[in-house]
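Following: one structure in C-alpha cells, then a few remarks.
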Number of protein chains: 2
Amino acid sequence: MSATTIRDIAVALGVTPSTVSRALSGNPYVKESTRAAILMKAREMGYERNVMASNLRKGTTNIVGIIVPRINREFFGNVISGAESVLSEAGYSVVICQTHERLEDEKSALKVLAGEQVAGIMISHSAETVSGEHILEAIGQNVKLVQFDRVIDGLPGSKVTNDDFKGAYTATKHLIDNGYKRIGALVGFMNTSLFRRRYEGYAAALADAGMPLDPGIVFENTILRKNGYESTIRAIDAGCDAIYSSGDFSALGALECALERGLRVPEDFGIVGTANETFTSLVSPRMSSVDQHPFEMGRSAAGAMVRLLGGETQGEEILIGTTLVTRQSSTR
Amino acid sequence: MSATTIRDIAVALGVTPSTVSRALSGNPYVKESTRAAILMKAREMGYERNVMASNLRKGTTNIVGIIVPRINREFFGNVISGAESVLSEAGYSVVICQTHERLEDEKSALKVLAGEQVAGIMISHSAETVSGEHILEAIGQNVKLVQFDRVIDGLPGSKVTNDDFKGAYTATKHLIDNGYKRIGALVGFMNTSLFRRRYEGYAAALADAGMPLDPGIVFENTILRKNGYESTIRAIDAGCDAIYSSGDFSALGALECALERGLRVPEDFGIVGTANETFTSLVSPRMSSVDQHPFEMGRSAAGAMVRLLGGETQGEEILIGTTLVTRQSSTR
DNA sequence: CCCGGCTCCACAAACGATTGCAGGTAAGAT
DNA sequence: ATCTTACCTGCAATCGTTTGTGGAGCCGGG
C-alpha cells in the first residue's frame, strides 16, 4: 500500500537498510552480487527514494530556486526555459519566484526558498534592489548563488551578464553608419549596472565617431511604452533624428511618437530597441533590436550553478554575446 | 551557527520540543502564556521551521506543481503568475515544469513532481496528450489534481476552463454584426475539447444568424502563423470576407495574407483572433481578439487547488469568462 | 600458526518535527 | 478532605534515509 522503503527491500533480502542505501547510492563498499540483487529487488518492488527523508538526512535538497522580476516577460521566460532544461537534465528541480520588481517581494522570495532548503538560487534582481545584504543573510553559507542579467557586486558565487556595452555600442554605431546625425538615448535606471553599461556603450560609440554626447537627449528611467513616447517628444523637439533605446517597449513608444509626429521611419527617424521581443518583428515598420539570447543565458547560468553545486568552482563570470537584429526601423 | 530548531527553543525555555511544536502549529492545548513566550523566543532566535523534517513527519509537502506546454507563452505565463500569487498566499510553494507540447516530457514531469512528493498538480496538457492514464498512475491517490485550459475527462479533481464556446460565439457574431457575409474559421486540433468547443461556438453563431456552415472554409490544425497564412489563401479563394481564428498567431498569418492580397482590413476583410496576445494591439491594423483572462484563470485554478488540499471539495468545474476586445481589424 | 590488511556488511545514531498517550496540576464538585 | 474534570505538558516513538564505527570473514605473508 504505502510506498516501499529501503527497509522493505532490506527485510525481503535479509540485509540491513544501510546496505540497501549504499547499494542504491553507488557506494563502492558493496559486493557486486548483493548490489545487483538489491537493484533488482528495488525495481521489482517499485521502490522510489523518499526525497524528503533523504534531504532531511543530508541537510540539502536538489532544488534550485530562480528569482526573476516577472516570468511573463519574453526575456525572463526564455531564460527560465533555458535554465530549466539544463537543471532538470542534471537532476535538479526548479522552483520559480517573482518579485514584480519589488524589493519586499524579493526578500520574501528569498525567505521562501531558504525555507525550502534549496541547494542554490539563481536571481535577477528587482528594480528596487541596490544592495545585496538581504541576499547574504538569506543564503547563509550553504546555498550557492548565481546572479544573471542584473547583478550586484560584493556577493559570492557566479555572475552571468549580457555584453550590454557591446550591444549598445553596436546598435548606436549601426545608427551612425546609417547616416543618422543626432541620436538620442532612452536608458533605464542608472543605479542598475546593466543600464549603466548600455549607456556607456552608447556613449562610446558616439565618441568613437567623433559625435558629441549631449546629456539633454539622454532620458533616464525610460523603460515603459508610455515613458518612451513621452521622452521621444522631447527628443524630437531637441532635434534628434534617431533613438537608441535600452528596451523594446520604450522603443515602441518612440516609434508611435515618431509616426504620430508625421515622421517617416526609417527615412526621417531611426530606431533601435533592445531585447528582440516578439512584437518587434510584427510592428510596422519592423523594428531593429539587440537580441540578448536569453535562452542561452539561462543555459549558461544554470551550467554555472551546476558547477558551483558540484564544487568545481567557487564562482565565475560569464559574458553572453548579443546580436543586433537589423530590421526596417533603422535601415535606409 | 546552524539554524535553530525547536529543541533549541525548548531548552532555552525549559520546556520540551513537543510543547514548542504545538505552540508553533496553533494547537489549542497550550497555555496562552507559554505560547506567547515560545513565539517570542522563536522570533528572537530567528527560528524557521525545517520544511523537510516537517514534511517527512507529516508525509506530505506544501509544494504544488504546475505543468504547462511552455512557460514563455503569454497565456501560460499569466496563468502561472495568477496561480502563484494565490498559492504563495496560502503557504504553498510552486514548482513549474514544461512539456514543450510533448507527451514524453509530460510523463517525465509528472514523475519528477511525484518524486518531490508534491501535494497537488495543476496541469494543462500537451498537444500530444489524449488520454489520462499516465496521470492517474503518477498521482496515486494522495496528490490532488487541477486541470486548466486543456482538460481531459475521466480524471479526478477539478477543472478550470475558459468559456470557449461563448468566446467563439461572440467573436463570430461580432463579425456577422459588422456585415461580413462569408466567415471562415481557423481552428486547432479537433481532438482537443478546447478547440472543439470553439468550433461549436463558431458554428452556433452562424446557425443563429441563419448562415450556412460550410466545411470547406473551416481549417483544422491551424494555430501557427504560417498555417494561418496558408489557410487564409484558400479561404479568400473560396470567397471569404472574414476569418474567425481560435488563435492569435494564426490570425496574424491571416492578416498578413489578406494585406498581401491587396485586401483592406477591415473594409474588405475582417479578422478576429483569440488570446489577446500583446502583439494584437501592436500590429496595424490593430487586431480584435478574444481575451481569456489568463491571470484570473490562474487564480481560480489555484483557488480550486487550495480547496482540494483543504478537503473542502472533491472536485469542481469552473468556467472563466471571456471578453471580446474589438479593435480595428473587425470593426467597420 | 599467527597476524596484518582488506572487503563487505550490521549496528545504531542521527536529521528535525509531529503526535498518541500518559501523567501532573489546579480548579471545582461532592 | 477527596474525587472528578479540564487543562496543560512531558515522554518517546516515528517518518525514511544516510553514515561513522566496529567487527566478521577471508586471504596471503612471515
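Quick note on labels: first sequence line is chain A, next is B, and so on, each numbered from 1. Model, not experiment: these values are computed from the prediction.
Within the structure, every side-chain polar atom (N or O) of B:R7 is placed at least 4.0 Å from both OP1 and OP2 of C:dC15. Between B:Y47 and C:dA17, a side-chain N or O to OP1/OP2 separation shorter than 4.0 Å is present. Residue A:T34 places at least one side-chain N or O closer than 4.0 Å to OP1 or OP2 of C:dC9. When the side-chain nitrogen and oxygen atoms of B:S54 are compared with OP1 and OP2 of C:dT18, one or more of them lie within a distance under 4.0 Å.
Judged by atom type and distance alone, B:T5 does not reach the base of C:dC15 through any side-chain donor-acceptor pair under 3.5 Å. Not a single donor-acceptor pair, N or O on each side, falls under 3.5 Å between the base of C:dC8 and the side chain of A:T19.
When atom types are taken as modelled, the side chain of B:R299 and the backbone of B:A83 share no donor-acceptor pair closer than 3.5 angstrom. Of the possible polar contacts, none joining the A:S126 side chain to the A:T99 backbone as a donor-acceptor pair under 3.5 Å is found. Panel note: side chain B:R150, backbone B:H125; a donor-acceptor pair is recorded below 3.5 Å.
Within 4.0 Å (heavy atoms only), B:V20 reaches no atom of the nucleic acid at all. Across all strands, A:S21 comes closer than 4.0 Å to base atoms (heavy-atom distances).
Atom CG in A:N50 sits about 17 Å away from atom P in D:dT14, given to the nearest Å. For A:R22 and D:dG16, the CZ to C1' distance is 15 Å, given to the nearest whole Å. Distance A:N27 CG to C:dC8 P: 11 Å, rounded to the nearest Å. Rounded to a whole Å, the CZ atom of A:R49 is 19 Å from the P atom of D:dC15. The CE atom of A:M52 sits 12 Å away from the C1' atom of C:dA17 (whole-angstrom rounding). To the nearest angstrom, C1' of C:dT18 lies 4 Å from CZ of B:R57. Atom CG in B:N55 sits about 15 Å away from atom C1' in D:dT14, given to the nearest Å. Between A:Y29 atom OH and C:dC6 atom P there is a gap of 9 Å when expressed in whole angstrom units.
Enclosure of atom CD in B:E312 by more than 12 non-hydrogen atoms of other residues, nucleotides or ligands within 6.0 angstrom is indicated.
Residue order along DNA chain D, read from the 5' end via each residue's closest nucleotide, puts B:G14 first among B:G14 and B:K58.
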side-chain hydrogen bond (donor to acceptor under 3.5 Å, both in side chains) for B:E106 and B:T129? Distances and angles first, verdict last. CA-CA 8 Å; B:E106 184 168 308; B:T129 306; 2.9 Å; yes
